[in-house]
Amino acid sequence: NWLPALNGGTGQELAQSALKLSRSLLLQRLAGCMCDMDIESVALAWNALKSILCTHTGAQAYKDLPGTLQRLAGRPSAGDGDSLGERLMVLLEPFDPAKSKGMRRPFQLPTAPAPCPPPITDAAVWDPAGQSHTQWVCGVTYALLKSGLVREEALVICAPLCLRQASLAEFVLPLALLDVARVPGDPEAGGAPGPTDLRDVAARHIAAHILPTTTAAARPRAVRLMIHVLLVLRACHIADLRRNGIAPSGAGRRSRGGAPKPAGCRFPAGLRSG
């Protein structure tokens, strides 16, 4: 659980810290996928690592690996090259474009064509009924990453692998929703769904299909995952409330002094928590 590792600040600053932290953790998870028994997953993980490390943010996450993992472990690095982060850097070195220019290997391995997901506004995407947990979490994460509303590049690159790896999809889904929550709505988006629309759609479907008592008994993993999503969003929301001088217990209500609503991460209506 990376949430306690975040530092204080505004909602936007917390969101940015979470996404920055997640990039190094994502590299760790992709390295683990390279050992998967499923050959297609290995090829997708290879392609994702190559693509992410070619981006500026991915290259920085690679450099930050030892410090990030030591920070999460709560102990300083011994500097002897034997920490988990330092061993991971060695494992991922062949994927680093700066280190592999002289190596003749394909940039992308051939993989099966990625399917076209249903619209993220479709209720069936969010409803876990009639699906296994793996089918549901992989499907909703993939549809969200392919919606065009997630701007965090490393997460979008992992979309094909999230369709096959439930553990990776569970890690990515809260971050993808956090990324959408921190983006202001676009009033000139025309008829296309924007971040504000998706926040409303997600809030409505999470409340209707995932959090009811009947679902909690039948799909406890889906409920736990969405509670984690809400904890992440709530942390950003409370940070914005405090920045504006509003007590957290007043979430969802305007103060008597008419304090302005906090800017930054927009907490979905109907899912606000004090």
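Nearest heavy atoms, L155 versus A176: CD1-N, 3.8 Å. Here the shortest heavy-atom pairing between Y142 and A114 reads OH-CB, 3.2 Å. Pairing each heavy atom of L233 with each of A181, the nearest pair is CD2-CB, 3.6 Å. Here the closest non-hydrogen pair linking V125 and P119 is CG2-O, 3.4 Å. Scanning both residues, N47 and T111, for their nearest heavy atoms gives ND2-CG2, 3.6 Å. What you find for I210 and W136 is that their closest heavy atoms are CD1-CZ2, 3.5 Å.
In this structure, the side chain of E152 does not engage the main chain of L175 through any donor-acceptor pair within 3.5 Å. A donor-acceptor pair under 3.5 Å is formed between the side chain of W126 and the backbone N or O of I120. Without hydrogens or angle criteria, R219 side chain to Q131 main chain gives a donor-acceptor distance under 3.5 Å. Remark: the backbone N or O of A48 is not paired with any side-chain donor or acceptor of S51 at under 3.5 angstrom. Remark: the backbone N or O of L27 is not paired with any side-chain donor or acceptor of Y62 at under 3.5 angstrom.
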- Could you walk me through whether L21 and D64 pass side chain to side chain contact (heavy atoms under 4.5 Å, CB included), step by step? CA-CA 9 Å; L21 181 67; D64 293 342; over 6 Å; no
- Message: Determine whether M34 and L49 satisfy the following criterion, side chain to side chain contact (heavy atoms under 4.5 Å, CB included), listing intermediate values before the conclusion.
- Response: CA-CA 10 Å; M34 292 291 296; L49 283 168; 4.0 Å; yes
- Message: Applying side chain to side chain contact (heavy atoms under 4.5 Å, CB included) to L163 and T141, what does each step give before you reach the verdict?
- Response: CA-CA 8 Å; L163 194 57; T141 305; over 6 Å; no
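A donor-acceptor pair shorter than 3.5 Å cannot be found between the side chains of E153 and H56.
Residues R164 and D36 have side chains not in contact (no heavy-atom distance under 4.5 Å, counting atoms from C-beta outward). Between H205 and T121 there is no side-chain heavy-atom pair separated by less than 4.5 Å. The shortest side-chain heavy-atom distance between P128 and H209 falls under the 4.5 Å cut-off. L230 places a side-chain heavy atom less than 4.5 Å from the side chain of L211. Annotation: side chain of S22 is in contact with side chain of F171 (closest heavy-atom distance under 4.5 Å). Side-chain contact check for Q165 versus R29: every heavy-atom pair is 4.5 Å or farther apart.
For the atom pair SG (C162) and CG (L145), the distance works out to 5.5 Å, reported to the nearest 0.5 Å. Atom CG of L178 and atom CG of L173 lie 11.0 Å apart (nearest 0.5 Å). A distance of 12.0 Å separates NZ of K63 from OG of S24, quoted to the nearest 0.5 Å. The NZ atom of K50 sits 11.5 Å away from atom CG of L92, with the distance rounded to the nearest 0.5 Å. The CZ atom of R151 lies 12.5 Å from the CG atom of L19; values are rounded to the nearest 0.5 Å. Interatomic distance, CG of D179 versus CD of Q16, reported as 10.5 Å (0.5 Å rounding).
A side-chain contact (heavy atoms from CB on, under 4.5 Å) with L30 is found for one member of L53, I157, I52 and no other, namely I52.
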